[in-house]
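Shown next, in structure tokens, is the structure this report addresses.
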Amino acid sequence: WLQPIYEHIRTGVLADGYVKVDETPVKYLAPGQGRTRQGYLWTGSRPGGDVFYRWETSRATACLDHLVPVNFRGTLQCDGYAAYRAFANGRRGAIELAGCWAHVRRKFYDRIEANLRVQRAGPQLRAAVRAHQSRPLVARLERVLLRLKATGRQLPQSLLGGAMDYALGQWRTLTVYLADGRVEIDNNLVENAIRPTAIGKKNWLFVGDAEAGERSAVIYTVIESCRRRGLDPYAYLREVLTRLPRMTNRQIPEITPAVWAKAYSARSLQQRLAA
């Protein structure tokens, strides 16, 4: 019943050409074997918008073909996991990867990006400030890393050597945010969207089987959409599940959490005025 609403939310997240993605492990029961296997809940999120989840039984590059439709063209923000790079290479020209500075531990973030967020700066202002203030710092940081690496004093196996290799290996994707004001400096927002599932895992430990994982992804998507709008998920689902059997697919946009939140606010205002 909720699948059409889920698909509408998913389409909306991907419509802007910029999506943040991540994945988290979730165990599922292997029927008849008395043990669990490793599955993954993949997540797509749009800053200021909705988030959707998709269940997969692996972490392979092919899972991204299910997460991101073939007609998507735009920017995918992610961490340094190799599957994302392989996915972008497979769709060369359609997908641009944006890296995550939270994984590189930057010093200039607190001075620049935090101020932009406090100001609620739009894409144009963010791009201008980054070009003027951030780009020179990023270029200087790259030069420093290259010089340190050239000395050969830090072995790749060391903590600092590994950190430098990671940063330099992601450098092209880490600079995407400088030219595109829509792109965040890090992937923290989508990682935050995964946190509610972590609480669930502590309670239910694993899902019943692979198909149950798909149903969980749909339910998580709808409930998270409600949560982001301050809606009571129970009240929303009670009304929607009552109406759905009498509705057509064309009417689905009328009962998404986004539309329902606006209608709920209008009804509340009318009730207050009537009182």
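Numbers here are sequence positions counted from 1.
- Taking the six-membered ring for Trp and thresholds of 30 and 60 degrees, Trp101 and Trp171 have ring planes more than 60 degrees apart, a perpendicular arrangement.
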Item to check | Criterion side-chain contact (heavy atoms from CB on, under 4.5 Å) on Val19 and Leu76, from CA distance to verdict | outcome: CA-CA 5 Å; Val19 61; Leu76 205 69; 3.2 Å; yes
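- Considering all non-hydrogen atoms of both residues, Val183 and Ala98 come closest at CG1-CB, 3.8 Å.
- Note that CD of Glu113 is 6.5 Å distant from CZ of Arg117, once rounded to the nearest 0.5 Å.
- For the atom pair CZ (Arg54) and OG1 (Thr43), the distance works out to 12.5 Å, reported to the nearest 0.5 Å.
- Looking at every heavy atom in both residues, Leu14 comes nearest to Pro69 through CD1-CD, 3.3 Å.
- Checking side-chain atoms of Tyr53 against main-chain N and O of Ile219 turns up no donor-acceptor pair under 3.5 Å.
- Environment of CD in Glu211: sparse, with no more than 12 heavy atoms of neighbouring residues, nucleotides or ligands closer than 6.0 Å.
- When atom types are taken as modelled, the side chain of Glu142 and the backbone of Ala139 share no donor-acceptor pair closer than 3.5 angstrom.
- For the atom pair CZ (Arg46) and NZ (Lys20), the distance works out to 13.0 Å, reported to the nearest 0.5 Å.
- Counting heavy atoms from C-beta on, the side chains of Trp55 and Thr57 come closer than 4.5 Å.
- The aromatic rings of Trp260 and Tyr236 stand perpendicular to each other, their planes meeting at an angle above 60°, with 30° marking the opposite boundary.
- Of all heavy-atom pairs between Arg229 and Pro257, the closest is CD-O, 3.6 Å.
- The distance from atom CG of Leu174 to atom CG of Leu97, rounded to the nearest 0.5 Å, is 10.5 Å.
- Rounded to the nearest 0.5 Å, atoms CG (Leu145) and CG (Leu168) are 5.0 Å apart.
- Nearest heavy atom pair, residue Lys149 against residue Asp165, reads NZ-OD1, 2.6 Å.
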Next on the checklist: If you apply the rule side-chain contact (heavy atoms from CB on, under 4.5 Å), what do you find for Asn187 with Asp79, and how did you get there?
Outcome noted: CA-CA 7 Å; Asn187 218 28; Asp79 58 28; 5.5 Å; no
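- Side chain to side chain, Thr151 and Arg147 fail the donor-acceptor criterion of an N or O pair below 3.5 Å.
- To the nearest 0.5 Å, atoms OH (Tyr6) and CD (Glu214) are separated by 9.0 Å.
- A distance-only check finds a donor-acceptor pair linking the side chain of Arg73 to the backbone of Gly93 [under 3.5 Å].
- Listed for the Arg126 side chain is a donor-acceptor partner under 3.5 Å among the backbone atoms of Gly181.
- Under the 3.5 Å distance criterion, the side-chain polar atoms of Tyr166 are matched with a main-chain donor or acceptor of Gly80.
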